[in-house]
Structure formats: C-alpha cells, structure tokens
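What follows is a single structure, written as structure tokens, with notes after it.
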Amino acid sequence: MLIDTILTPALFHLHSKDIENKQVVVIDILRATTTMVVAYENGANTVVPVEHLEDALFYREQGYLIAGERNGVKVEGFDMGNSPQEFTKDIVEGRNIVLSTTNGTKAINACSAAKFRYISSFRNIDAMAKTIIENNLNVLLFCAGWKDKFNLEDTVFAGALAQQLLDNGFTTNDDATRMACSLWNLAKPNLAAFLADASHVQRFKSLHIESDLEVCLRFNTFSGVVRV
Ligand code: 3SL
C-alpha cells in the first residue's frame, strides 16, 4: 500500500483523484485535530467539524455545544474556542459538539469523498497507525497547514505516522512523505525544541496560549481512532 503526504491544502487537488478508494488522515496538530481527540478522550459523544461559522450556529439549535476560532481567537458568543484545555470531562462528557476552525475543519471538509476519513494527533498516533495498516488501503496524510502554507508541526506528525506505516509494509514513491520522515527523525529526540521556532508556536506566544503546546505534543493518551 502506498503513502502520499499532502503538505498543504493548496496541493490537495493533485491528490484528489481516486480518493473514493483511499483512506485519508487529516492533521492539524496545533490545534484542531488534537482538540477533537481530547474531546473524545473526555467522553464527548460526537464532534462535528464544519467549515463555516454559520453552520455551527445551526447545530446550536439542535442542542450542540458550539466551538470555534478564527486566527486562533475564540469566536465571540461560542461556548468554547479551539483550546484542548477547554474540552474538559465536566464540559464535554456525553455532549454533541460542533467545531469550526481556520484550517483544520476546512481541510476535513475538503476530503469528504474519501473512503475512510480520519483525524489524528500525537495523542492517538499508535492507534491511528494500527487502523491504517488494518484497512490495507492506500493512504493520504493531509496536513491542514496555515492558510494554504506549509507548517512544521503537521509535517512532522505526518512523518511520524508514515514511519510507522513504512515499518509495517507500506511503501512510498512520494518525496513529500520522504521529507516528512526525515523531519520526524530530526525532531523526535526533542519534539518541543524542534518546533520552538515554528510559525504557529510563535503565534501561540503572541496569543498567550503557549500552555496548549504541551497538551498537543503528548503521545498516545487515547487508544481510539476518530473517523469523521
Ligand atoms: O486553523 C486551525 O484549524 C486551528 O487549529 C488553528 S488555532 O490553533 O486554533 O489557531
């Protein structure tokens, strides 16, 4: 089975052919797909990713908690922003949630035609790898990036996941995947230090939300996978 990595949503169109027969993993480590994993860890019933803020408002009428950010800032009037630390057990357990974010939920919606569509984060990377291997289908690792630009954290995660797949019989003809694996090998001795200068980490600093970083870089706190 083959692995391809989509480094930014701007490159998605190059990979969308035959997507109906592929499994896709959408990656937005800082923070959308990590926040979704945390919500499930803490017992959320469902987290529906929507592209537009207006769509989230429709779900409020159905009793959903509504969560969302634009440019990292919580949307005014919403129940939660996009910080994984807001999705605590006492708030999300048993609840239906709708989430709209600048990049992550947009990327998820872009690949709705995939045979299997997942989101993942470091918090469930091993479970994600196991499921991809069991599905035994070609896989696209889809980095949400930032406004169509490449980012380090999503690519490093794609490399970490791709490496597990390569170690278990998957192959690649794709230089983006090779590059992602090389980055992961550089990053893994100290992931936080490797990402210290990343553009979104700088953005976290300017928004005073640095404490989310450590939450987003924890490994395998969740043994489930999230199919959307
Ligand atoms: O763009 C997104 O999907 C977000 O994860 C970005 S932020 O971390 O909430 O700024």
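In listed order, ligands and their atoms are each counted from 1.
The shortest N or O to N or O distance between Trp146 and ligand 1 is not under 3.5 Å. Checked by distance only, ligand 1 and Asp28 come closer than 3.5 Å through their nitrogen or oxygen atoms. Checked against a 3.5 angstrom limit, the closest N/O atoms of Thr105 and ligand 1 fall outside it.
No donor-acceptor contact under 3.5 angstrom links the side chains of Ser100 and Glu51, judged on distance only. In summary, the side chains of Glu93 and Asn42 do not present any donor paired with an acceptor at a separation below 3.5 Å, with no hydrogens or angles considered. For the 3.5 Å distance criterion, the side chains of Gln23 and Asn135 qualify, holding a donor opposite an acceptor.
Under a 4.0 Å criterion applied to the non-hydrogen atoms of Thr101, ligand 1 contributes the atoms 2 (C), 3 (O). The distance from ligand 1 to the heavy atoms of Gly104 drops below 4.0 Å at these ligand atoms: 1 (O), 2 (C), 3 (O). Interface of Thr102 with ligand 1, defined as ligand atoms under 4.0 Å from a residue heavy atom, comprises 1 (O), 2 (C), 3 (O). Which parts of ligand 1 touch Ala32 is read off a 4.0 Å heavy-atom cut-off, strictly below it: atoms 3 (O), 5 (O). Residue Leu30 approaches ligand 1 through these ligand atoms, each under 4.0 Å from one of its heavy atoms: 5 (O), 6 (C), 8 (O).
Counting non-hydrogen atoms of neighbouring residues, nucleotides and ligands closer than 6.0 angstrom, the OH atom of Tyr59 reaches no more than 12 such neighbours. Heavy atoms of other residues, nucleotides or ligands lying less than 6.0 angstrom from CG of Asp90 number more than 12.
At the shortest separation from atom 10 (O) of ligand 1 among protein heavy atoms lies Gly72 CA, 3.1 Å. From the protein, the heavy atom lying nearest to atom 5 (O) of ligand 1 is Arg31 N, 2.7 Å.
In this structure, Tyr40 has its ring center no closer than 6.0 Å to that of Phe222.
With a heavy-atom cut-off of 4.0 Å, Asn82 touches ligand 1 through its side chain alone. By the criterion of a heavy-atom distance under 4.0 Å, the side chain of Glu69, and not its backbone, is placed next to ligand 1. With a heavy-atom cut-off of 4.0 Å, Arg203 does not touch ligand 1 at all.
The pair Lys22-Asp4 does not meet the salt-bridge criterion, since no charged nitrogen lies less than 4.0 angstrom from a carboxylate oxygen.
At least one heavy atom of His200 sits less than 4.0 Å from an atom of ligand 1.
Using cut-offs of 30° and 60° for the angle between ring planes, the Phe122 and Phe157 rings count as perpendicular.
Inter-residue side-chain proximity for Ile66 and Leu57 is flagged as met; some heavy-atom pair is nearer than 4.5 Å.
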